[in-house]
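A short worksheet on the structure shown next.
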Amino acid sequence: MNRVELSGILIERKALRFTPAGVPVTECLIGHQSEQIEAGSPRRVECEVQAIALGPTARWLQAASPGAALQLTGFLAARSRNSKQPRLHVITIEFVEGNQDGKVLQEEG
């Protein structure tokens, strides 16, 4: 299984671009902070994760401003054929701030 759920802050977002087939694409950097339990002890976790969104998800991500709190779900894939570094491919986005009912505001597929 390859499923990732991540909450974080939108640190930066690149300009919306389009694939040769006309599919919108947005790349971004997400900052995450949390406390996790590891070997029975709490551990403070901080990281930055590169992410990419395609299609309608890219348009939703493009609408978010840097500093926005997000809840993302997706999967990990290699950045490219030449780079095996993982990147989060975003499938759903929940905008945490201003979302009173806690529903997912956007879902692709």
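All figures in this text were calculated on a predicted structure; none of them were measured in a lab.
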Nearest heavy atoms of Pro66 and Ile11, plus distance in Å: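 For Pro66 versus Ile11, the nearest heavy atoms are CB-O, 3.8 Å.
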Over all atoms of both residues, closest heavy-atom pair of Ala58 and Pro24: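 Between these two residues, the closest heavy atoms are CB-O, 3.6 Å.
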Test item: side-chain donor near acceptor, Arg44 and Gln36, under 3.5 Å: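 Gln36 and Arg44 do not have a side-chain donor-acceptor pair below 3.5 Å.
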Glu38 with Arg43: basic N within carboxylate O range, under 4.0 Å: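 Yes.
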Pairing of Arg3 and Glu5 as salt bridge, 4.0 angstrom limit: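 Counted as a salt bridge, because a side-chain N and a carboxylate O are separated by less than 4.0 Å.
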Partners passing side-chain contact (heavy atoms from CB on, under 4.5 Å) against Ala78 (at least two apart in sequence or in another chain):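 Applying side-chain contact (heavy atoms from CB on, under 4.5 Å) to Ala78 gives Lys84.
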Within residues 61-77 or reaching into it, pairs that qualify as side-chain hydrogen bond (donor to acceptor under 3.5 Å, both in side chains) - sequence neighbours excluded: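 Passing the test, one end in residues 61-77: Thr26-Gln62, Thr73-Thr92.
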Straight-line distance of Leu6 CG to Leu70 CG, nearest 0.5 Å: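 Here the rounded value is 9.5 Å.
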Point-to-point distance, once rounded to the nearest 0.5 Å, from CD of Glu12 to CD of Glu48: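 Between atom CD of Glu12 and atom CD of Glu48 there are 8.0 Å.
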Heavy atoms from other residues, nucleotides or ligands near CD of Gln85 exceed 12 (cutoff 6.0 Å):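 No, because the 6.0 Å sphere around CD of Gln85 holds 12 heavy atoms or fewer from other groups.
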Check against side chain to side chain contact (heavy atoms under 4.5 Å, CB included), Leu72 and Leu88: CA-CA 9 Å; Leu72 308 170; Leu88 175 62; 4.2 Å; yes
Test log, rule side chain to side chain contact (heavy atoms under 4.5 Å, CB included), inputs Ile52 and Val25: CA-CA 7 Å; Ile52 188 169; Val25 178; 3.7 Å; yes
Plane angle bin for His89 and Phe75 - parallel if under 30°, tilted between 30 and 60°, otherwise perpendicular: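 The rings of Phe75 and His89 lie parallel, inter-plane angle below 30°.
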Going only through I, L, V, M, F, W and Y residues with side-chain contacts under 4.5 Å, is there a path from [X] to [Y]?
X     : Y     : value
Val90 : Phe95 : yes
Leu76 : Val49 : yes
Ile91 : Leu29 : no

Note, Leu61 side chain near Cys28 side chain (heavy atom, < 4.5 Å):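 They are in side-chain contact.
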Verdict with supporting geometry, Ser7 and His32, side chain to side chain contact (heavy atoms under 4.5 Å, CB included): CA-CA 6 Å; Ser7 62; His32 170 79; 3.9 Å; yes
Residue pairs passing the salt bridge (Lys or Arg N to Asp or Glu O under 4.0 Å) test where at least one lies in residues 72-82, sequence neighbours excluded: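 Residue pairs passing salt bridge (Lys or Arg N to Asp or Glu O under 4.0 Å), neighbours aside: Glu27-Arg79.
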